[in-house]
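Just so you know, these numbers come straight off a predicted model, no measurement behind them.
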Amino acid sequence: MAGEVAGMRVAVIGGGPGGLYAAALLKRLDPTRSVTVWERNAPDDTFGFGVVLSDETLGGIQHADPVVYAALQKEFVRWDDIDVVHRGTTLTSGGHGFSALGRRRLLEILHERCRSLGVDLRFRNEAPPAAELALEHDLVIAADGVHSATRTAHADVFAPRLTTHRCRYIWLSADFAFDAFRFEIAETEHGVMQLHGYPYAADASTVIVEMREEVWRAAGLDTCDEQESTERCAKIFADALGGRALRGNNSTWTAFRTVVNDRWSHGSTVLIGDAAHTAHFSIGSGTKLAVEDALALVACIEEQPDLPTALAAYESERRPVVASTQRAAQASLEWFEQLETYVGQPPRQFAFNLLTRSRRVTHDNLRLRDPAFTDAVERAFGCEQDTPPMFTPFRLRRLTLRNRVVVSPMDMYSATHGVPGDFHLVHLGARALGGAGLVMTEMVCVSPEGRITPGCAGLYTPEQATAWRRIADFVHTQSPGTAIGVQLGHSGRKGSTRLMWEGMDQPLPDGENWPLSAASPLPYLRGVSQTPHQLDRTGLIDIREQFAAAAWRAARCGFDLLELHCAHGYLLSGFLSPLTNQRTDGYGGSLAARLRFPLEVFDAVRGIWPDDRPMTVRISATDWADGGTTAEEAVEIARAFADHGADAIDVSTGQVVADEQPAYGRSYQTPYADRIRNELGIPVIAVGAISSWDDVNSLLLAGRSDLCALARPHLHDPNWTLHAAADQEYKGPGAPWPLPYQAGSRRPQTGRTDGPKPRLTLA
């Protein structure tokens with residue numbers, strides 16, 4: 001660190017791999033530093049058994065400290081395969097590449113390295129509080145784990161958020177080496193249990209047994225001591241273990257806790273590893289994250305001019321990496337929490353689903369690792385030869401979609417008096433020509449008062465119907481095989497606002513607003529938005545009839561599918577959410593009462609809509625806000641619509657209340673669709689940051705969705721589906737190029753940049 005005073009004093013709280021590695025690196029890079037590690041346990045005390053490190057982490061270790069890397073290389077066991085055992089069938093996926101060693105041996109290597117460098121290791125010594133250490137040290141590294149006393153003592157600064165999850169697990173060991181990373185499922189009389197196992201030495205494997213809390217209690221494992229738990233687990237998974245015993249090491253049943261901190265440093269004290277963050281063991285090792293933290297922290301100290309700048313740089317560098325890992329870990333742990341909903345899947349789909357559960361492993365990179373495995377999954381799914389999953393047809397009633405891609409409804413705010421014009425013809429027509437199986441209109445409003453903005457399209461006048469018929473006819477004539485669907489909705493309390501680019505959700509200028517109606521008299525933006533009036537019975541009947549009349553017109557326009565918009569805080573969504581429905585009559589209170597009016601509207605529309613044409617419902621499966629719709633309620637909402645005749649559920653989230661806090665990320669809304677599909681067995685449309693054809697193929701093969709709706713990718717590229725086909729070298733009937741466009745089905749040639757260079761000098 002530029003400007004560092006010689007003899008920098010460093011205190012490390014916690015002698016786990018992260019703390020030891022940070023200590024060793026700091027001392028190696030500057031021998032004048034005084035580095036002391038406090039560890040309350042003995043040198044040979046350790047919990048857990050094997051540690052898995054990625055090639056990426058090992059590459060960092062090799063660069064930063066070749067001595068440690070060389071020692072690790074001698075100890076690692078390596079393997080490539082993952083075995084998934086499902087109802088007696090073992091499916092193997094290869095090409096993954098793992099490296100592991102015993103945690104105790106890892107600590108011994110780091111102890112030896114620290115001692116050789118002159119680090120002061122103080123075992124069986126409880127560290128003084130960080131605040132005291134900071135008085136005598138220039139830097140305090142808190143590597144004191146998931147139960148960090150440092151984090152707790154300074155919670156007002158670090159602002160930790162701890163989330164305890166729904167499964168119990170126990171770390172055990174077996175005295176033999178699995179020949180693959182093994183996932184095995186046991187369906188017991190008490191519920192589903194799972195085993196995660198992997199080798200960490202030539203004669204030893206880590207075995208983690210995990211199950212939902214209620215299963216753990218029903219099985220009586222909550223009353224078992226370590227020995228009883230070990231024996232019970234060995235009996236439950238006798239086949240996986242070959243009848244061998246398991247052993248513990250101060251092993252207890254634990255509920256995983258996700259740790260997130262708003263800040264990672266306080267003055268000269270900094271958090272690393274589990275003290276700063278945790279990620280579920282099912283996607284890798286906490287040790288991996290801790291070692292990477294240590295490496296980044298020391299690098300920033302070396303590179304930056306002073307300690308405050310270094311700590312800020314460390315957090316800036318690591319936070320996005322950790323956040324990405326935690327998102328993947330969250331997806332993985334939730335998958336295992338919902339394991340019971342997947343065990344009925346066919347074996348190959350189940351295995352693929354498990355392997356892609358975190359959304360980091362996808363169809364495409366599994367194909368690179370093990371094409372034979374992926375080919376078998378595709379055949380089981382029903383893919384024809386050389387046909388990617390996204391180009392397999394899908395049937396809803398008498399409508400057969402030629403592929404699984406949907407152009408998601410996107411408000412364009414470009415209608416005049418509710419009439420769609422040439423813009424809509426070109427917009428929707430271009431996307432129909434672009435190859436999608438189903439093109440959806442924007443939310444088409446059922447009344448003038450039901451518009452979001454003055455630019456929103458409607459279907460409440462003959463002129464509007466004529467304009468929509470023109471668009472539907474264009475799609476059917478110029479892009480045969482493409483279906484076009486209409487989404488009907490009413491803005492509710494979110495209406496009478498400016499065009500999106502003039503001020504999203506902001507009221508119209510004075511004198512231009514129209515009155516709003518909603519489930520309850522609650523403005524969308526408090527102090528900004530207009531307060532809607534609460535609909536009485538007469539108003540409810542009027543709106544129900546408006547939906548029915550719009551459905552009648554939609555049928556005559558020639559739309560192939562109708563979707564009822566019950567999401568995003570618009571009128572029908574406002575009845576479903578407890579945050580926006582505070583009625584005390586028969587339309588408010590319990591979920592069944594909140595469902596009453598949306599179901600009345602659905603029934604009225606289904607009664608008008610032709611029986612041979614499918615009808616879907618879009619819902620917000622969570623409000624992303626405390627007290628809002630829960631994932632469990634979303635399942636019941638979907639069940640209710642399915643019972644009334646919905647052919648598929650379009651599963652979105654949020655936009656119900658202004659103070660929502662979405663957990664954005666890749667395919668972040670798809671777990672809600674996944675749950676509804678696999679609990680209810682109803683087809684679903686998944687949405688939400690699905691941006692690549694690889695994502696689409698992965699979601700379909702895993703059984704998380706039946707159709708995938710994409711919005712922004714289709715704004716970026718109207719021919720997204722055709723280009724996805726070209727990228728995958730697919731030329732079949734699922735994505736035919738329009739005849740006038742066929743010359744563009746191959747990428748245009750570009751100028752060469754790799755040709756011979758002219759000779760400019762003599763030899």
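Residue pairs meeting the salt bridge (charged side-chain N to carboxylate O under 4.0 Å, His left out) criterion with at least one member in residues 630-656, sequence neighbours excluded, are R166-E632, R397-D647, R594-E633, R606-D647, R618-D650, E632-R675, E636-R639. Listed by first and then second residue, the salt bridge (charged side-chain N to carboxylate O under 4.0 Å, His left out) pairs involving residues 357-379 are R367-D375, R367-E378 (not counting sequence neighbours).
A donor atom on one side chain and an acceptor atom on the other are found under 3.5 Å apart for R704 and T356. Side-chain atoms of T92 and D81 include no donor-acceptor pair closer than 3.5 Å. For the 3.5 Å distance criterion, the side chains of Q227 and E231 qualify, holding a donor opposite an acceptor. A donor and an acceptor atom, one from each side chain of Y200 and S173, are located under 3.5 Å apart. Of the N and O atoms on the side chains of H165 and T258, at least one donor lies less than 3.5 Å from an acceptor on the other residue. Judged purely by distance below 3.5 Å, without hydrogens or angles, the side chains of T206 and W171 never pair a donor atom with an acceptor atom. Checking D293 against H277 by side-chain atom types alone, a donor-acceptor pair falls below 3.5 Å. No side-chain donor from either of N250 and E226 sits under 3.5 Å from a side-chain acceptor of the other. Looking at S282 and S332, their side chains do bring a donor and an acceptor atom within 3.5 Å of each other. At a cut-off of 3.5 Å, with distance as the only test, a side-chain donor of T616 or E563 sits close to an acceptor on the other residue. Counted by atom type alone, S148 and D144 present one or more donor-acceptor pairs between their side chains at under 3.5 Å. Side-chain contact of E334 with Q338: a donor-acceptor pair under 3.5 Å is absent, judged by distance alone. T90 and D83 form no side-chain donor-acceptor contact under 3.5 Å, judged by distance and modelled atom types alone.
A salt bridge links E292 and K288; the closest N-O separation between the charged side-chain nitrogens and carboxylate oxygens is under 4.0 Å. Using a cutoff of 4.0 Å between basic side-chain nitrogens and carboxylate oxygens, R168 and D222 are not scored as salt-bridged. For the pair R212 and E340, the salt-bridge criterion is not met [side-chain N within less than 4.0 Å of a carboxylate O]. D695 has a carboxylate O that lies under 4.0 Å from a charged side-chain N of R666, or vice versa, which qualifies the two as a salt bridge.
In this structure, the ring of F281 has its center less than 6.0 angstrom from the ring center of Y169. You'll find the ring centres of F336 and H196 inside the 6.0 Å limit. Taking the six-membered ring for Trp, F178 and Y198 have ring centres at least 6.0 Å apart. Aromatic rings of F350 and Y342 (six-membered ring for Trp) have centroids beyond the 6.0 Å cut-off, not under it.
Listed for the T230 side chain is no donor-acceptor partner under 3.5 Å among the backbone atoms of R247. N365 places no side-chain N or O within 3.5 Å of a backbone atom of V361 that could act as its donor or acceptor partner. Between the side chain of H565 and the backbone N or O of A567, at least one donor-acceptor pair lies under 3.5 Å.
When the side-chain hydrogen bond (donor to acceptor under 3.5 Å, both in side chains) test is applied to S93, the partners found at least two apart in sequence or on another chain are H96.
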E213/R217 under salt bridge (charged side-chain N to carboxylate O under 4.0 Å, His left out): CA gap, chis, key distance, verdict: CA-CA 6 Å; E213 172 105 14; R217 293 189 183 279; 2.8 Å; yes
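With W264 as the aromatic partner, R319 meets the cation-pi criteria of under 6.0 angstrom to the ring centre and within 45 degrees of the ring axis.
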